[in-house]
Amino acid sequence: MPTLPKLPKPPQIGLLKGLGVTLKTMLTPSTTQQYPHVKPALPPRSRGVIALMEENCTVCMLCARECPDWCIYIDSHKEVVPPKEEGARARTRNVLDRFAIDFALCMYCGICVEVCPFDALFWSPEFEYSTYSVRELTHEKEQLRVWMNTVPPPPELDEGADIPKEIEEGLKAARKAAEQAAAAAAPAEPAPGQAQTKAGGAAAGGAAQEEDIHVEAQVDQEVFDQLIAEGKSERVARAKAKAAYVRKEKARIRAERAGEGS
Amino acid sequence: MTDTLADRETGVLPGGPGEGMLVELRDGGDIVTQDMNLNIGPQHPATHGVLRVVIDLDGEKITRAQPVIGYMHRGFEKLAEARDYRQIIALVNRHDWLSAFNNELGVCMAVETMMEMEVPERAQWIRTMFCEWGRILNHLMFVGSFGLELGAITPVFFAFREREDVQHLLESAAGGRLHFAYNRIGGVKEDLPAGFLQASAKLTKVIRARTAEYRDLLLGNEIFMARTKGVGALPPEIAMEYGVTGPTLHATGVAEDARVTQPYAKYGEIDVHVPVGTNGDSYDRFVMLLDRIDASTHIIDQCLDRIPDGPCNVKLPKIVKAPEGQIYVRTEAPLGQLGYFLVSDGKKNPWRLKMRTPSFYNISMISYLLEGALLSDMIAILGSVFFVVGDVDR
Amino acid sequence: MESLFDVGPLALSIGIKLLVMIGFFLTAPLVAGYMEHKVLAHQQDRLGPMEAGIGPIKHGVGQLVADGAKFLQKEDIIPAAADKWVFAIAPGVALIPALVILIVIPLGPGVFGVDLPAGVFFALAVSSVSVLGVLMAAWSSANKYSLMGGIRAAAQLIAYELPLVLGAAAVVLQAGTLSLVGIVEAQAEFRLFGIVPMWYVLPQAVGFLLFYVASLAELNRPPFDMPIADSEIIFGHMTEYTGIRYAFFMLAEYAGMVVLSAIATVLFLGGWYILPGVPPPAFDLWFIPGEVVAGLIGVGVTMGKILSLVFVMIWFRATFPRLREDQLQRMSWLVLIPLGLLNIVVIAIAKVFA
């Protein structure tokens with residue numbers, strides 16, 4: 001005896017709730033940004049294109065080596081720079097001939113920017129550089145310099161974050177300079193005790209005088225011979241001997257001044 | 001179940017239309033028709049990416065299904081042998097591209113454990129939070145695409161609107177919207193920008209409100225329920241036999257989650273809720289998605305409360321070399337268990353880096369699930385078995 | 001009622017009617033299509049076409065015109081294995097019935113082609129012919145996906161003819177006439193409980209629902225678009241079609257939406273009456289005689305009702321996933337047809353005792 005097939009359940013409220021959701025969405029304004037007329041607001045760390053500050057580049061080739069795709073093409077040559085003074089060594093310098101990034105290969109991973117020790121590469125959020133030909137996607141250093149104009153300053157870090165090393169050192173130096181300025185301004189103030197002032201003044205004067213000691217560097221012959229006997233090279237021995245001479249002279253002058261003071 | 005044509009009982013039609021056609025005889029000699037062999041994919045709107053499923057159809061019923069993979073094989077494991085660890089991080093986030101951060105984390109954890117490196121607290125909390133944002137990104141995509149394959153064309157736009165918001169937030173910290181490359185050995189690349197934590201807190205609330213909308217639009221919809229309830233039911237034993245992990249496994253009732261059983265990053269110190277289903281059918285798998293999105297927003301809220309001050313990475317030597325040895329690291333990627341087997345011989349490139357990707361094992365059970373299913377159910381099943389082809393083929 | 005276009009000799013009136021019909025046929029689906037673009041977009045939290053425009057008006061009004069031009073200039077591809085002639089005329093077979101039905105549908109008082117005494121019968125019978133077009137396209141495409149789409153379509157369209165007819169039959173029973181104009185007039189005279197003038201949508205709510213759901217299924221609109229489910233079988237019977245043939249299929253779909261909504265308006269929503277019992281006013285506007293003004297207002301009212309029904313069709317498309325064919329069939333044979341028969345019985349009893 002064939003049984004009646006199971007009847008489907010009558011539709012319940014779920015269908016109507018779905019209709020409600022779509023109607024509500026229709027009545028609220030859309031979130032679409034109409035792109036060519038409205039540009040997106042990209043965050044500063046956005047990886048759009050890589051910019052090159054040629055002046056900072058020393059052609060160390062770290063970026064080209066670390067790139068996973070090998071899309072950075074660098075050519076350079078060495079140039080000899082005449083020494084500043086007579087008798088000093090001539091220096092050699094790397095000169096950048098070609099720095100090209102092939103953005104058709106680039107993975108936008110950022111390893112090159114991160115690894116550059118001289119801050120020559122920067123990220124920029126610029127993304128509108130599509131071309132009609134793949135070859136034009138290889139940007140040469142002139143084009144990469146142009147992208148520098150679009151590089152934004154880095155964003156402020158979260159409050160819990162560690163302050164970056166460079167900023168911390170700069171802050172320390174500024175704090176020290178402020179302390180010294182305050183200390184230098186202190187003796188100019190009229191102080192209550194006369195004796196204390198004199199002692200403070202002497203100490204301050206001594207300190208001031210110490211900064212003024214200037215000794216002409218000469219080679220301390222004893223130290224020089226000793227170091228040569230130990231087997232150090234002439235250059236090293238000369239440098240250390242000069243430093244020893246300066247140290248001894250300064251100590252002597254300090255002792256003389258202290259003797260004068262007391 | 002006959003496998004080859006030679007095994008099947010065959011006969012030849014005499015005279016008339018189809019003369020000489022080789023047909024399969026069933027039911028003791030009554031000729032039916034020849035099963036139609038249909039190729040779903042590799043280019044098909046329903047399969048996520050280039051997955052090919054070769055099916056034998058009897059009318060609308062599938063008698064045999066065979067997934068064919070490899071259309072996106074990029075040779076990552078071979079590439080990894082010639083790249084150092086930072087470059088590997090940049091490459092590995094292209095596997096499960098919907099949640100790129102989770103892929104990077106496994107590699108970093110493997111190397112850090114081998115080098116016995118202490119990752120700063122703040123970095124661990126940031127990593128946990130980003131992993132959960134990745135989970136939300138991944139599941140939102142599948143919420144949208146599952147509805148789309150069943151014919152509900154609206155949730156996909158809502159899901160992508162949410163994804164846009166999350167990607168914009170993550171872009172402010174990492175620089176990229178899809179491939180973050182934010183992890184480094186020993187922490188994260190740079191610290192969070194100001195305002196990130198506040199924006200995160202706001203966004204989790206928005207996402208929770210929107211998942212309520214998805215429940216109204218899809219879960220409660222009778223047509224959706226009729227299409228997915230009872231379809232593609234997977235028993236837990238079979239799931240474990242095939243090595244299925246992640247939301248597909250949780251839907252069958254097994255609460256196996258690496259965040260809970262072998263906690264990494266900061267998962268041991270927070271409350272991780274793992275939603276579990278009952279029947280393992282497509283409906284349960286979809287419920288898993290929405291529940292997991294909600295659970296992830298709660299985890300992110302906990303991270304936002306507890307993230308400490310401090311450094312976000314460790315100063316690395318110029319060349320990072322993992323010491324000799326091998327290690328297997330398990331993480332819970334959004335699609336399932338993601339494992340990295342790293343063998344190092346002391347150099348800066350790994351000697352062997354093998355990935356145990358979740359999607360590879362998740363799709364192996366497609367042939368089990370599709371037998372006996374209707375063609376329209378195939379779409380419901382394929383859409384509910386969450387996989388990313390980049391993860392399958394590497 | 002006499003048609004407004006019966007002026008002068010037969011040839012002239014036929015010519016005018018043809019022109020008006022073709023004009024309506026070409027513009028109304030465009031309006032429905034534009035509505036689909038924009039309404040669907042806003043329900044999905046996006047904007048829809050914005051750049052294409054006609055003259056100074058942008059916001060995508062010219063999108064479908066641009067699409068038409070695009071389809072016209074495409075290459076006409078017929079697959080090598082396809083059955084050439086059947087393949088070539090299938091879109092026409094799907095499209096022409098929608099045009100033909102327009103002859104009988106009254107859009108306003110006097111605004112119709114011819115008032116056939118068996119208008120409902122004619123309309124429903126002709127609309128079934130487009131099923132043939134679908135089947136022809138599916139079979140001749142020489143494509144497994146198209147074939148599957150065609151088989152699904154055949155089963156679905158046959159299954160949902162019955163609820164369509166049953167819903168219309170109840171109206172015919174209540175109105176007492178098969179003529180579409182007659183049905184509109186009958187609705188004008190109908191009084192609910194003897195006092196309240198009401199259209200047939202209220203006493204025959206079940207019939208209206210039946211007719212509407214069946215017309216969604218006849219048009220292959222979601223949630224009944226399994227035959228053209230684009231995530232499974234690409235595009236069903238239309239997979240192999242490109243260019244102007246594809247445009248004909250799309251036009252057939254939108255024209256079908258408009259036509260079936262028009263039939264539903266006439267049968268259930270009171271046709272051109274502004275409110276139940278309130279006909280469009282006939283006053284002389286400058287040189288335009290009264291009947292023409294009434295006709296124009298009537299057309300406006302009818303178009304408003306048609307477009308709101310089309311809006312609901314689009315709303316359903318945005319919200320609901322697809323029904324599987326067996327669920328589709330089950331719903332038709334086990335739910336809608338018994339309901340339709342019950343509806344007829346109830347209406348008959350009410351008619352006898354009223």
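A note on names: the letters A, B, ... follow the listed sequences, proteins ahead of strands, and every chain is numbered from 1. Because the structure is predicted, anything quoted here is derived from the model rather than measured.
At a 4.5 Å heavy-atom cutoff, B:Phe224 makes no contact with chain A through either its backbone or its side chain. Both the backbone and the side chain of B:Arg86 come within contact range of chain A, with heavy atoms under 4.5 Å apart. Using a 4.5 Å cut-off between heavy atoms, A:Ser46 contacts chain B through both its backbone and its side chain. The parts of B:Ser172 that come within reach of chain A are both its backbone and its side chain, each placing non-hydrogen atoms under 4.5 angstrom from that chain. There is no contact between B:Arg215 and chain A, counting heavy-atom distances below 4.5 Å. For B:Asp84, the part sitting under 4.5 Å from any heavy atom of chain A is the side chain, from C-beta outward, and nothing else. Heavy atoms of B:Arg177 lying under 4.5 Å from chain A are absent altogether. Of the two parts of A:Thr25, only the side chain, counted from C-beta on, holds a non-hydrogen atom closer than 4.5 Å to a non-hydrogen atom of chain B.
The shortest non-hydrogen separation linking B:Tyr182 to B:Glu190 is OH-O, 2.7 Å. Taking each heavy atom of B:Val231 and B:Asp281 in turn, the nearest pair found is O-CB, 3.5 Å.
Because its NZ or CZ atom is not both nearer than 6.0 Å to the ring centre of B:Phe130 and within 45° of the ring axis, B:Arg127 does not count as a cation-pi partner of that residue.
With no hydrogens or angles considered, a side-chain donor-acceptor pair links B:Asp301 and B:Thr204 at under 3.5 Å.
Side-chain contact between B:Asn349 and B:Glu81: absent, with no pair of heavy atoms (C-beta onward) separated by less than 4.5 Å. Residues B:Leu91 and A:Met107 have side chains in contact (heavy-atom distance under 4.5 Å, counting atoms from C-beta outward). Side-chain atoms of A:Pro117 and A:Cys60, non-hydrogen and from C-beta on, do get closer than 4.5 Å to each other.
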For A:Arg145 and A:Glu55, run salt bridge (Lys or Arg N to Asp or Glu O under 4.0 Å): C-alpha distance rounded to whole Å, both residues' side-chain angles, the deciding distance at 0.1 Å, then the answer. CA-CA 10 Å; A:Arg145 190 62 170 87; A:Glu55 293 82 3; 3.5 Å; yes
Chi angles and distances behind the salt bridge (Lys or Arg N to Asp or Glu O under 4.0 Å) call for B:Glu77, B:Arg394: CA-CA 8 Å; B:Glu77 293 176 3; B:Arg394 279 160 265 147; 3.1 Å; yes
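Most heavy-atom pairs under 4.5 Å with chain B: of the set A:Lys17, A:Lys24, A:Glu66, this distinction falls to A:Glu66. Of the listed residues (B:Ala82, B:Ala152, B:Gly195, B:Ala173), the one with the most heavy-atom contacts under 4.5 Å to chain A is B:Ala173. Counting heavy-atom pairs closer than 4.5 Å to chain A, the top residue among B:Ala90, B:Ala226, B:Pro193 is B:Pro193. When A:Gly110, A:Gly18, A:Gly48 are compared by the number of non-hydrogen pairs under 4.5 Å with chain B, A:Gly18 comes out ahead. Counting heavy-atom pairs closer than 4.5 Å to chain A, the top residue among B:Arg94, B:Arg122, B:His179 is B:Arg122. Of the listed residues A:Glu156, A:Glu114, A:Arg45, the one with more heavy-atom pairs under 4.5 angstrom with chain B than any other is A:Arg45. Of the listed residues B:Lys318, B:Glu171, B:His168, the one with more heavy-atom pairs under 4.5 angstrom with chain A than any other is B:Glu171. Comparing B:Gly220, B:Ala181, B:Pro311 by how many heavy-atom pairs each has under 4.5 Å with chain A, the most go to B:Pro311. Ranked by non-hydrogen atom pairs under 4.5 Å with chain B, the options A:Thr22, A:Ile111, A:Leu19, A:Asp69 are led by A:Ile111.
You'll find the ring centres of A:His139 and A:Phe103 inside the 6.0 Å limit.
Of the possible polar contacts, none joining the B:Asn93 side chain to the B:Asn103 backbone as a donor-acceptor pair under 3.5 Å is found.
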